[in-house]
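Since the structure is predicted, the reported quantities are computational estimates derived from the model, not experimental observations.
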Amino acid sequence: MYGVSVMPKRILAFDFGASSGRAMLGLFDGQKISMEELHRFPNDPVQLDDTLYWDFFRLWFEVRQGLTVAARAGGFDSVGVDTWGVDFGLLDGCGRLLEAPVHYRDERNVGYMEKSFGLLPREAQYARTGLQFQRFNTLYQLMALGDTRPELLERAHKLVLMPDLFSYFLCGETVSEYTMASTTALLEPHSRTWDAEIMKTFSLPEQLSCPMVQPGAALGGLKARLREELSLPDAKVFAVAGHDTASAVAAAPLTGDNAVYISSGTWSLMGVESPTPVLSATACRYNMTNEGGYDGKIRLLKNIMGLWLVQECCRQWKREGQELDFAQIAASAQETRPFACLIDPDDAAFMDPGDMPGMLRAMCAKTGQYVPQTVGEIARCIYESLALAYRATVAQLAEVTGKTYDRIHVVGGGIHNRMLCQCTADATGLPVIAGPSEATVLGNIGVQLIAQGELSSLSDLRQVVAASFAQTVYTPQNTAAWDDAYETYGKLYKK
């Protein structure tokens, strides 16, 4: 399986989420992984006139800070980067970034998914790409860019997806890592290569695409100039499973074929591993996505509007003068009446930033329910609604795959919300195994370890993760009340 290293491997992982980023150092002694957070920083988008941008230049400054801290803390053998999906930067012919990448929540994307169906109908598009229909898919962003900023596309030489963009500035190689590319709607899911027909149909310049690499590919060493400026070691740069959910699932301690996973954070990514894409009419009707995973696996999943709802409520409450942390919010929710009101977490009304408590109240009023007033009432509404959305998704996954699932593995920061974990077990009637919280970083580190021969397989990685980090099991309780709530939820939102 794996042995004891003479000297622990020192692996640096940069993990970018939708609200923050970290530089994490992983130490592997041959049996267990330990981690140390070296540098954490906010990832706040910037609204400039009518466009919402990622503050890429600040993020690159923070990467440099993380590299410096890691070098001073004893150095590192290799580095890899994972980020959120779909977004990209454009490089000119000299390899310079043309402008800051645009945020997937930017309003420019509105209407382009629907417009795309005029060129390739919904069902045909799904059969071609296997990707969930979301207004921010890379395909629709490029359609919008072609209409609103054609001169920018004309100047572009390469389209580089977000984790690969950071890797490019680390080592100078322009590539497209497979798991990240699988979020674009520009990939043929069976061959797992760029789809020339899709690009032709939507009049997208094929020359923008970079060569495809698999997670674990060695990209080269750190740039000489970067090493000299920051006094860095001669470390290797690897393409990891660049999409953060792919990294999280790689490290999820799944065993057998009957487990559902939830990568719980800003989004709740809920699904199963499949050896092949599932492109059936039923999968299309349920809007499931087929995205790439490590070791040739397909992540058949649904994007559910996760703790973004709470995060955005927190921003509004802060604007109103209430400074609340997530533990306080969850404690307030525990004290309120159960099932007072329910929302559809995936309603388009909740996609954009803004007064989230007001949006929630508006939906409850529109559906003739009790309108929540307090922090606790709003939070409980969110947690219970998310758990019921998970139950609906388990049923849909079972129908699409023809399989029965007997447990749910939850990884990511959402495991710290014990109320949500228990609600998930109660709503679904399935045991919930929660942990580890740092699955995304562990997947990043683990792929680097496999690439360097320290681990031999995905199975090895998952065994090491299970041995290194504790898990908490939540057993279903009070399922009859949740059955009634699920019936109400189904009637309200036709689930």
Q: Within a 6.0 Å radius of atom CZ on Arg96, are there more than 12 heavy atoms belonging to other residues, nucleotides or ligands?
A: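 No, because the 6.0 Å sphere around CZ of Arg96 holds 12 heavy atoms or fewer from other groups.
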
Q: Report the distance from atom OG1 of Thr183 to atom CZ of Phe88, rounding to the nearest 0.5 Å.
A: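 Going from OG1 on Thr183 over to CZ on Phe88, the span is 11.0 Å.
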
Q: Side chains of Gln316 and Glu320: donor-acceptor distance under 3.5 Å anywhere?
A: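 On atom types as modelled, these side chains qualify, holding a pair under 3.5 Å.
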
Q: Under the rule for ring-ring contact (aromatic ring centres under 6.0 Å, His included), what residues qualify as partners of Phe166, not counting sequence neighbours?
A: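 Counting only residues at least two positions away or on another chain, Phe166 forms a ring-ring contact (aromatic ring centres under 6.0 Å, His included) with Phe16, Phe56.
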
Q: Pick from His103, Arg108, Glu107: which one makes a side-chain contact (heavy atoms from CB on, under 4.5 Å) with Leu52?
A: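 Exactly one pass, corresponding to His103.
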
Q: Only distances under 3.5 Å count here; give the side-chain donor-acceptor pairs of residues 197-208 to other protein atoms, sequence neighbours excluded, each with its distance to 0.1 Å.
A:
| residue | atom | partner | partner atom | Å |
| --- | --- | --- | --- | --- |
| Thr201 | OG1 | Glu197 | O | 2.8 |

Q: Does a salt bridge link Arg22 with Asp15, judged by any charged N lying under 4.0 Å from a carboxylate O?
A: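 Looking at Asp15 together with Arg22, the answer is yes, because their closest N to O distance falls below 4.0 Å.
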
Q: Are the side chain of Glu62 and the backbone N or O of Arg64 linked by a donor-acceptor pair below 3.5 Å?
A: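 Side chain of Glu62 to backbone of Arg64: no pair is present.
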
Q: Who are the ring-ring contact (aromatic ring centres under 6.0 Å, His included) partners of His157, not counting sequence neighbours?
A: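 By the ring-ring contact (aromatic ring centres under 6.0 Å, His included) rule, His157 matches no residue at all.
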
Q: When you compare the side chains of Glu36 and Ser34, does any donor N or O come within less than 3.5 Å of an acceptor on the partner?
A: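 No donor-acceptor contact under 3.5 Å links the two side chains.
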
Q: Would Leu90 and Leu145 satisfy side chain to side chain contact (heavy atoms under 4.5 Å, CB included), going step by step from the backbone distance to the final call?
A: CA-CA 11 Å; Leu90 295 172; Leu145 190 59; 3.8 Å; yes

Q: Does Phe136 have any ring-ring contact (aromatic ring centres under 6.0 Å, His included) partners at least two apart in sequence or in another chain, and if so, which?
A: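 Checked Phe136 against ring-ring contact (aromatic ring centres under 6.0 Å, His included); matches are Tyr104, Trp267.
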
Q: Output yes when Arg462 and Glu273 qualify as a salt bridge under the 4.0 Å nitrogen-oxygen rule, no when they do not.
A: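 A salt bridge is present here (some side-chain N lies under 4.0 Å from a carboxylate O).
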
Q: Does the side chain of Asp77 come under 3.5 Å of the side chain of Gln448 through a donor N or O and an acceptor N or O?
A: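 Note: Asp77 and Gln448 side chains miss the donor-acceptor criterion.
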
Q: If every non-hydrogen atom of Val81 is compared with every non-hydrogen atom of Pro163, which pair is closest and at what distance?
A: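 Scanning both residues completely, I find the closest heavy atoms to be O-CB, 3.6 Å.
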
Q: As an exercise, state the distance from CG of Asn290 to OG of Ser274, rounded to the nearest 0.5 Å.
A: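 It is 7.0 Å, given to the nearest 0.5 Å.
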
Q: For Ala71 and Leu232, which heavy atoms make the closest approach, and how far apart are they?
A: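 For Ala71 versus Leu232, the nearest heavy atoms are CB-CD2, 3.9 Å.
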
Q: With the threshold set at 4.0 Å, does a side-chain nitrogen-carboxylate oxygen contact exist between Arg315 and Asp44?
A: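 Salt bridge absent between Arg315 and Asp44.
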
Q: Can you give the donor-acceptor pairs under 3.5 Å from side chains of residues 237-245 to other protein atoms, not counting sequence neighbours?
A:
| residue | atom | partner | partner atom | Å |
| --- | --- | --- | --- | --- |
| His243 | ND1 | Arg299 | NH2 | 3.3 |

Q: Using a strict cut-off of less than 4.0 Å between a Lys/Arg side-chain nitrogen and an Asp/Glu carboxylate oxygen, indicate whether Lys115 and Asp147 qualify as a salt bridge.
A: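 Salt bridge flag = yes for Asp147 with Lys115.
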
Q: Would you find more than 12 non-hydrogen atoms of other residues, nucleotides or ligands less than 6.0 Å from Lys236 atom NZ?
A: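 For Lys236, atom NZ is not crowded (no more than 12 foreign heavy atoms under 6.0 Å).
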
Q: How about CG on Asp257, more than 12 heavy atoms from neighbouring residues, nucleotides or ligands closer than 6.0 Å, or not?
A: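 Check fails, neighbour count at 12 or below.
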
Q: Are a donor atom and an acceptor atom from the side chains of Ser19 and Gln311 found within less than 3.5 Å of each other?
A: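 There is no such pair between these side chains.
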
Q: Which residue pairs pass the side chain to side chain donor-acceptor pair (under 3.5 Å) test when at least one of the two sits in residues 216-228, sequence neighbours left out?
A: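 Listed once each, the pairs are Arg225-Glu229.
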
